[in-house]
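Since the structure comes first, as structure tokens, the remarks are kept for the end.
Just so you know, residue 1 is the first one in the sequence shown, and it goes up from there.
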Amino acid sequence: MAARQPQFSPKQIAAALLVSESSVKRWCDGGTISTVRTLGGHRRITLEGLEQFLSQSGRTLPSPEALGLPNRLASRNPSIPGSDETLNRDFRESLATGDEARCREILRDRISSGWSRTEAAENLITDALQGIGVAWQCNELDIYQERRGCDICIRLINELRASIPPLPDDAPIAIGGAPEGDPYQIPTVMVELALREVGWNAISLGNHVPLESFQQAVHDYNPQLVWLSVSTVPDPAMFIIRANRLAEQLGDDVPLLVGGRGLCDAIRPRLRYTAHCDSLRHLVDLATKMRLSSSREASSGLTPSAS
């Protein structure tokens, strides 16, 4: 269970902002600062509510020590590395401060300008999360901001997935996910989005999934494509054995696509797979060709019985 966020009184917030307590109470009652109430009816401000207020108002936190917070929260312009492109920078900063609505707006703007859902998500989300990860490691951001950013990105990706027009009933099935020991969820849901956008009935099995469960899923779904998104490998020797066992089960009829930063040069040459995708763009190109090839084979197979 996640730890409950700290809550602060208007008096504490006023001391941190160097303003009067009456001003903070007025902002709370007017909705400028998101406020919760105790059982006794007292106003309380969560850390997230404070972050949102600072982001939306452009204020700084002159005395974070009044709240027992680190000094890095005094700056509302943390150094988050990444692309210099304006929308990318805006997306990173909005994600770091938890402004989900602004992130959604930027993502939609990029798609409306002609980018595919997958291209927009990869360009904005990958850049932002990498930068936020570096900022957290450099003590520019708190860990809760990194976790919150990941949660927002997953919601945005799921919304993009839901916006894809319904696939035909005969769309080829693809399944995949991240293997056991891999805690990263976003890479595999990005693959699911990408494959669905090019016509595959793609189903992400999730992250931290035992490879034996992949074998059961292959039996249940009878897919025409399987992917493995590998961001980290805690036990390389065991992973190689189990991944190759999965490849043997698939045989030559079902392609196995693999990718992710966890497939280093010490691991990848020892794996059996159909193709290694070094980017989402590479995956999309390859999956598109596979789907078109599958459609042609299906059509030619139907021709004799129809004549």
Side-chain angles (χ1 to χ4, degrees), residues 107-108 110-112 114-123 125-126 153-179 184-207 209 211 213-230 243 246-260 272-307:
L107 191 56
R108 288 174 177 171
R110 179 137 286 180
I111 293 171
S112 66
W115 294 53
S116 71
R117 297 171 181 82
T118 302
E119 290 170 339
E122 181 181 30
N123 176 262
I125 291 176
T126 302
C153 288
I154 289 172
R155 287 195 292 273
L156 294 176
I157 294 169
N158 287 336
E159 289 173 9
L160 292 178
R161 177 188 180 279
S163 73
I164 296 174
L167 297 168
D169 293 339
D170 61 350
I173 297 174
I175 65 171
Y184 297 97
Q185 184 178 358
I186 287 180
T188 188
V189 294
M190 288 280 281
V191 171
E192 181 187 45
L193 171 67
L195 291 177
R196 281 189 164 266
E197 196 165 26
V198 295
W200 286 85
N201 181 10
I203 302 161
S204 173
L205 304 178
N207 61 303
V209 179
L211 286 172
S213 293
F214 276 81
Q215 293 178 293
Q216 181 61 48
V218 168
H219 178 270
D220 294 341
Y221 283 103
N222 191 26
Q224 285 77 57
L225 174 67
V226 176
W227 82 82
L228 278 177
S229 173
V230 187
L246 172 62
E248 290 172 6
Q249 178 193 6
L250 297 176
D252 297 327
D253 296 330
V254 181
L256 174 62
L257 305 186
V258 301
R272 294 181 54 187
Y273 54 82
T274 305
H276 171 257
C277 300
D278 53 14
S279 68
L280 206 55
R281 179 71 262 172
H282 184 194
L283 169 75
V284 167
D285 291 342
L286 188 57
T288 300
K289 293 176 183 178
M290 288 179 173
R291 182 181 60 79
L292 294 175
S293 175
S294 176
S295 298
R296 284 194 295 268
E297 291 176 3
S299 298
S300 64
L302 289 173
T303 300
S305 60
S307 58

- Can you see which heavy atom on A243 is nearest to which on L228, and at what distance? CB-CD1, 4.5 Å

- Query: For E197, what residues pass the side chain to side chain contact (heavy atoms under 4.5 Å, CB included) criterion, not counting sequence neighbours?
  - Reply: S116, R117, T118, I164

- Message: Quick check for you: to the nearest 0.5 Å, what is the distance between S163 atom OG and I111 atom CD1?
- Response: 6.5 Å

- Item | Residue pairs fulfilling salt bridge (charged side-chain N to carboxylate O under 4.0 Å, His left out) with at least one residue in residues 156-169, sequence neighbours excluded | R104-E159, R161-E192

- Non-neighbouring partners of H282 that pass side chain to side chain donor-acceptor pair (under 3.5 Å), sequence neighbours left out: D278

- Across all chains, not counting sequence neighbours, the side chain to side chain contact (heavy atoms under 4.5 Å, CB included) partners of P187 are Y184, S229, S231

- Query: Residues in salt bridge (charged side-chain N to carboxylate O under 4.0 Å, His left out) with R155, at least two apart?
  - Reply: E100

- Taking the side chain as every heavy atom from C-beta outward, state whether V230 and P179 have any pair of such atoms under 4.5 Å apart. yes

- Report the C-alpha separation of L160 and L107 in whole Å, then their side-chain angles, then the decisive distance to 0.1 Å, and conclude whether the side chain to side chain contact (heavy atoms under 4.5 Å, CB included) test is met. CA-CA 10 Å; L160 292 178; L107 191 56; 3.7 Å; yes

- Note on the structure: In short, P223 meets A174 closest at the heavy-atom pair CB-CA, 4.5 Å

- Check side chain to side chain contact (heavy atoms under 4.5 Å, CB included) between A178 and all other residues, then give those that pass, not counting sequence neighbours. D182, N207

- Message: Measuring from atom CG of D170 to atom CG of N201, what distance do you get when rounded to the nearest 0.5 angstrom?
- Response: 10.5 Å

- Message: Go through it in stages, so that I can follow the logic: the residues are T188 and W227, the test is side-chain hydrogen bond (donor to acceptor under 3.5 Å, both in side chains), and I'd like the CA-CA distance, side-chain angles, deciding distance and then a yes or no.
- Response: CA-CA 9 Å; T188 188; W227 82 82; 3.2 Å; yes

Could you list the donor-acceptor pairs under 3.5 angstrom formed between side-chain atoms of residues 248-257 and any protein atom two or more places apart in sequence or on another chain?
from, atom 1, to, atom 2, distance (Å)
Q249, NE2, Q215, O, 3.2

- Message: Measuring from atom CD of E122 to atom CZ of R281, what distance do you get when rounded to the nearest 0.5 angstrom?
- Response: 8.5 Å

- Message: Going by the rule side chain to side chain donor-acceptor pair (under 3.5 Å), which residues pair with D220 if we only count those two or more places apart in sequence or in a different chain?
- Response: Q216

- Quick one: pull up CZ in R291 and CG in L225 and give me the separation to the nearest 0.5 Å. 12.0 Å

- Message: I need the minimum non-hydrogen distance between R272 and A247, along with the two atoms involved.
- Response: O-CB, 3.5 Å

- Listed by chain and number, what are the side chain to side chain donor-acceptor pair (under 3.5 Å) partners of N158, not counting sequence neighbours? none

- Should C277 and L286 be marked as a side chain to side chain contact (heavy atoms under 4.5 Å, CB included) after you check the CA-CA gap, both sets of side-chain angles, and the distance that decides it? CA-CA 9 Å; C277 300; L286 188 57; 4.2 Å; yes

- Rounded to the nearest 0.5 Å, how far does CG of L195 lie from CD1 of I203? 11.0 Å

- Over all heavy atoms of both residues, which pair between W200 and L167 is shortest? Give the atoms and the distance, please. O-CD1, 3.3 Å

- Message: Pair V218, I175 - check side chain to side chain contact (heavy atoms under 4.5 Å, CB included), show working.
- Response: CA-CA 8 Å; V218 168; I175 65 171; 4.0 Å; yes

- Pair D285 + K289, salt bridge at N-O below 4.0 Å: no

- Item | Results of side chain to side chain contact (heavy atoms under 4.5 Å, CB included) for N123 - residues two or more places apart only | N88, R110, W115

